[in-house]
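Presented below is the structure to which this report refers.
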Amino acid sequence: MSALTDSPEWKRLAVLRDAWRGRRVASLFEQDAHRAGRYTRVLGELRIDLSKAHLDPPTLDALLALARARDVEGWRARMFAGDAINSTEGRAVLHIALRAEAPPAQVAEVLSRIESFVGRVRSGNWTGATGQRIRTVVNIGIGGSDLGPAMVCQALEPYGSPELKTRFVSNIDGTHLATALDGLDPATTLFVIASKTFTTQETLANATSARRWLVDALGENAVAKHFVAVSTNGGGVREFGIDPANMFGFWDWVGGRYSLWSAIGLPIALQVGMDHFRALLAGARAMDTHFQTAKLVDNLPVLMALTGIWYRNFWNLPALAVLPYDQSLARLPAYLQQLDMESNGKSVDRDGNAVDYDTGPIVFGEPGTNGQHAFYQLIHQGTTAIPADFILVRESHHPLGDGAHQRILLSHGIAQTEALLQGRHAIEPHRVFSGDRPTTTIAIDELSPFTLGMLLALYEHKVFVQGVIWNINSFDQFGVELGKQLASTILAEIEGGTRERHDGSTEALIDWARDA
């Protein structure tokens with residue numbers, strides 16, 4: 001057994017899990033008229049309701065004891081102090097510094113340069129090679145250089161300028177770039193190439209094809225006016241044809257999935273303007289401050305993390321559904337997939353020992369109400385319970401039908417949490433809903449740059465706390481490497497190079513690809 005599973009706190013929770021057998025959360029509401037209030041926490045315009053989860057005072061006390069025993073507070077202090085808690089790579093983890101009220105000088109300098117550039121583009125002072133103002137920004141990146149900015153730009157679309165639109169390209173599949181460029185005018189298009197090393201294969205292939213598209217229309221000299229870079233590789237950027245003065249850097253203590261707060265967020269700032277981008281940072285900072293200072297019993301990221309530990313490790317539930325009832329948050333589940341699964345999808349601890357407990361869950365989701373007509377069937381009546389985060393936004397930016405659309409949307413979201421709690425008895429077994437299926441409700445008054453920043457930082461810190469408890473490094477991602485390395489070998493073979501020895505299936509697939 002590991003130090004974690006052999007600890008008295010872990011064993012206590014296992015005993016408490018057995019004590020829940022036969023008990024239903026719905027009955028606890030009948031016993032305690034104030035249950036909803038006891039398990040709801042509010043921070044500004046954001047509230048988290050955990051009352052429909054399998055929590056009671058002994059369980060919550062035991063979970064908090066586990067957090068203290070695993071030194072969550074100490075690890076939190078080390079992260080904020082800039083210690084190299086990314087132990088496998090010897091790096092600090094300081095995305096929190098990107099949104100600090102008084103950021104480090106190097107961060108402030110990049111923010112200032114971004115602000116200047118954004119102001120020139122949005123005002124029309126920055127023009128393309130033909131003298132026309134920029135109308136479309138195309139961000140070319142992948143992973144954290146795409147998912148975060150793309151999600152935020154969609155979420156904050158109501159705050160954007162109608163005169164400047166953003167598109168995102170990540171997939172090496174030529175369809176993605178071709179579709180993004182369809183209908184665009186090269187003379188009014190600005191490309192942001194986001195790659196820390198400026199060597200990422202997919203990003204550079206897409207950037208090279210985009211460059212060819214531009215040069216074919218406007219000539220070689222146009223590149224410097226239509227391409228900027230978010231990178232640290234000045235030589236590679238210059239070789240590509242981008243003026244290093246138009247390169248915005250960031251640092252090795254900014255992990256890709258935590259990078260939208262850095263220069264990687266340039267397309268966000270271009271779309272919504274610098275004031276709204278700073279409001280996004282301020283919202284995240286408010287959550288940082290709360291996470292750093294609030295007692296564990298009232299700490300939103302800690303409580304969400306512990307609830308997830310409870311279900312993942314003691315109820316053996318392998319998944320988490322993220323269900324935003326706001327179409328603007330349509331890409332949030334995909335963003336959180338990377339944040340959670342790339343961070344905590346680990347099977348060895350910080351010391352390289354195999355773990356004997358489950359770590360990160362499978363994260364998936366879609367906006368409500370679309371998901372209701374798809375996978376909710378399994379959530380309600382499947383053989384495995386799936387904890388679900390319902391994210392509700394009270395005020396709509398598009399109150400159609402005098403607000404009727406929003407009232408219908410909210411009624412569905414609230415009703416789903418009640419249905420999963422209560423279930424339904426029926427004479428016909430096909431119509432029985434077992435109920436007692438756990439949900440967490442995150443309710444936001446209005447989706448703004450500030451509240452979105454709070455929401456994203458909430459999930460960042462939740463994932464961090466879970467990694468601390470599991471004693472894993474949440475900030476490396478070696479699992480992405482092997483397939484990419486093998487792809488280089490296989491690409492050479494598909495293109496006619498010397499064949500290496502593979503298994504029979506792989507060799508047959510290479511033969512099939514070569515016949516294309």
(message) Among Asn344, Asp349, Thr88, which residue satisfies the side-chain hydrogen bond (donor to acceptor under 3.5 Å, both in side chains) criterion with Asn473?
(response) Thr88
(message) Given 3.5 Å as the limit, does a donor-acceptor pair link the side chain of Arg41 with the main chain of Ile48, or not?
(response) no
(message) Once rounded to the nearest 0.5 Å, what's the spacing between atom OH of Tyr335 and atom OH of Tyr459?
(response) 11.5 Å
(request) Under the side chain to side chain donor-acceptor pair (under 3.5 Å) rule, what do Ser259 and Ser262 come out as? Steps first, then yes or no, please. (result) CA-CA 5 Å; Ser259 64; Ser262 72; 4.7 Å; no
(request) Take Ser328 and Asp326 through the side chain to side chain donor-acceptor pair (under 3.5 Å) test and state the conclusion after the steps. (result) CA-CA 5 Å; Ser328 297; Asp326 190 301; 3.3 Å; yes
(request) Using modelled atom types only, decide if a donor and an acceptor are shared between the side chain of His95 and the backbone of Trp261 within a distance under 3.5 Å. (result) no
(message) For a quick test of reading the model, state the closest non-hydrogen atom pair linking Ala321 to Ile379 and the distance between them.
(response) CB-CD1, 4.1 Å
(request) For residues Ile114 and Ala263, report the shortest heavy-atom separation together with the two atoms involved. (result) CD1-CA, 3.7 Å
(message) For a side chain to side chain contact (heavy atoms under 4.5 Å, CB included) check, start with the C-alpha distance between Phe390 and Leu420, then their side-chain angles and the critical distance, and finish with the verdict.
(response) CA-CA 12 Å; Phe390 283 79; Leu420 287 163; 3.9 Å; yes
Check: residues 246-257 side-chain donor-acceptor pairs under 3.5 Å, at least two apart:
{"from": "Trp251", "atom 1": "NE1", "to": "Gln106", "atom 2": "OE1", "distance (Å)": "3.1"}
{"from": "Arg257", "atom 1": "NE", "to": "Ser343", "atom 2": "OG", "distance (Å)": "2.7"}
{"from": "Arg257", "atom 1": "NH1", "to": "Glu342", "atom 2": "OE1", "distance (Å)": "2.9"}
{"from": "Arg257", "atom 1": "NH1", "to": "Gln477", "atom 2": "OE1", "distance (Å)": "2.6"}
{"from": "Arg257", "atom 1": "NH2", "to": "Ser474", "atom 2": "O", "distance (Å)": "2.8"}
{"from": "Arg257", "atom 1": "NH2", "to": "Asp476", "atom 2": "O", "distance (Å)": "3.2"}
{"from": "Arg257", "atom 1": "NH2", "to": "Gln477", "atom 2": "OE1", "distance (Å)": "3.3"}

(request) Look at the rings of Phe240 and Phe198 and say which category their plane angle falls in: under 30° parallel, 30 to 60° tilted, over 60° perpendicular. (result) perpendicular
(message) Under the criterion side chain to side chain contact (heavy atoms under 4.5 Å, CB included), I'd like the reasoning laid out for Ile96 against Phe291: C-alpha separation, chi angles, the key distance, then a yes or no.
(response) CA-CA 11 Å; Ile96 48 178; Phe291 175 57; over 6 Å; no
(request) Test side chain to side chain donor-acceptor pair (under 3.5 Å) on Thr130 and Gln132 and set out the steps. (result) CA-CA 6 Å; Thr130 66; Gln132 298 181 66; 3.2 Å; yes
(request) Apply side chain to side chain contact (heavy atoms under 4.5 Å, CB included) to Arg70 and Val465, showing your working. (result) CA-CA 10 Å; Arg70 302 304 292 173; Val465 170; over 6 Å; no
(message) Does this structure show an ion pair linking Arg135 with Asp185, if we count only N-O contacts that are shorter than 4.0 Å?
(response) no
(request) Return yes if some donor-acceptor pair links the side-chain N/O of Ser231 with the main-chain N/O of Lys196 below 3.5 Å, else return no. (result) yes
(request) Quick one: pull up CG in Leu63 and CG in Leu296 and give me the separation to the nearest 0.5 Å. (result) 11.5 Å
(message) Would the distance check show the side chain of Thr359 and the main-chain N or O of Lys346 forming a donor-acceptor pair, the cut-off being under 3.5 Å?
(response) yes
Could you give the side-chain donor-acceptor pairs of residues 264-271 under 3.5 Å, partners two or more places apart or in another chain?
{"from": "Gln271", "atom 1": "OE1", "to": "Thr166", "atom 2": "OG1", "distance (Å)": "2.6"}
{"from": "Gln271", "atom 1": "NE2", "to": "Cys153", "atom 2": "O", "distance (Å)": "2.7"}

(message) Using a 3.5 Å distance criterion without hydrogens, assess whether the side chain of Ser396 forms a donor-acceptor pair with backbone atoms of His398.
(response) yes
(request) Answer with yes or no whether the side chains of Asp49 and Ser51 bring together a donor and an acceptor at under 3.5 Å. (result) yes
(request) Spell out, as yes or no, whether a donor-acceptor pair under 3.5 Å connects the side chain of Trp126 to the backbone of Val118. (result) no
(request) Run the numbers on Leu55 and Trp310 for side chain to side chain contact (heavy atoms under 4.5 Å, CB included), then give the verdict. (result) CA-CA 9 Å; Leu55 297 174; Trp310 178 229; 4.3 Å; yes
(request) Can you measure from CG (Leu300) to NZ (Lys462) and round to the nearest 0.5 angstrom? (result) 13.0 Å
(message) Do Pro333 and Pro324 make a side-chain contact, defined as non-hydrogen atoms from C-beta onward lying under 4.5 Å apart?
(response) yes
(request) Mind listing the closest non-hydrogen atom pair of Ile309 and Gln466 along with its distance? (result) N-NE2, 3.8 Å
(message) How close do Ser123 and Arg120 get, counting heavy atoms only, and between which atoms?
(response) OG-O, 3.2 Å
(request) Verify, without hydrogens or angle tests, whether Arg113 (side chain) and Ala245 (backbone) share a donor-acceptor contact under 3.5 angstrom. (result) yes
(request) Starting at CG of Leu409, measure out to CG of Leu392 and round the result to the nearest 0.5 Å. (result) 8.0 Å
(request) Taking the side chain as every heavy atom from C-beta outward, state whether Leu339 and Glu460 have any atom pair closer than 4.5 Å. (result) yes
(request) Find out whether the Lys NZ or Arg CZ of Arg211 is both under 6.0 angstrom from the six-membered ring centre of Phe191 and within 45° of the ring's axis. (result) no
(request) Using atom types as modelled and distance alone, determine if a side-chain donor or acceptor of Asp83 lies under 3.5 Å from a backbone N or O of Ile85. (result) no
(message) Can you confirm if the NZ or CZ of Arg91 lies within 45° of the ring axis of Phe475 and under 6.0 Å from the centre of its six-membered ring?
(response) no
(message) To check you understand the geometry: which heavy-atom pair defines the closest contact between Pro361 and Met341, and what is its length?
(response) O-CG, 3.5 Å
(message) Looking at Val169, is its backbone amide N or carbonyl O close enough to the side chain of His176 to form a donor-acceptor pair, meaning the two atoms are under 3.5 Å apart?
(response) no
(message) Other residues, nucleotides and ligands only: do more than 12 of their heavy atoms fall within 6.0 Å of CZ on Arg47?
(response) no
(request) State whether a side-chain donor-acceptor pair under 3.5 Å links Asp298 with His290. (result) no
(request) Measure across Pro149 and Gly144 and return the closest heavy-atom pair with its distance rounded to 0.1 Å. (result) CD-O, 3.7 Å
(message) Less than 4.0 angstrom from a charged side-chain N to a carboxylate O is my criterion; do Asp182 and Arg167 meet it?
(response) no
(message) Do Phe375 and Ile386 make a side-chain contact, defined as non-hydrogen atoms from C-beta onward lying under 4.5 Å apart?
(response) no
(request) Inspect the surroundings of CG in Asp402 and state if more than 12 heavy atoms from other residues, nucleotides or ligands are less than 6.0 Å away. (result) no
(message) Working to the nearest 0.5 angstrom, can you tell me the gap between Asn139 CG and Asn206 CG?
(response) 11.0 Å
(request) Determine whether Leu60 and Leu50 make a side-chain contact, defined as any pair of heavy atoms from C-beta on separated by less than 4.5 Å. (result) no
(message) Using a 3.5 Å distance criterion without hydrogens, assess whether the side chain of Thr451 forms a donor-acceptor pair with backbone atoms of Glu446.
(response) yes
(request) For the residue pair Asp288 and Phe80, establish whether any side-chain heavy-atom pair is separated by less than 4.5 Å. (result) yes
(request) Would you check if Leu66 and Leu4 make a side-chain contact, meaning some heavy-atom pair closer than 4.5 Å? (result) yes
(message) Once rounded to the nearest 0.5 Å, what's the spacing between atom CD of Gln372 and atom NE2 of His412?
(response) 5.5 Å
(message) Is it true that, when you exclude Glu101 itself, more than 12 heavy atoms of the residues, nucleotides or ligands shown sit nearer than 6.0 Å to its CD?
(response) no
(message) If you define the side chain from C-beta out and look only at heavy atoms, does anything of Leu43 sit under 4.5 Å from Met454?
(response) yes
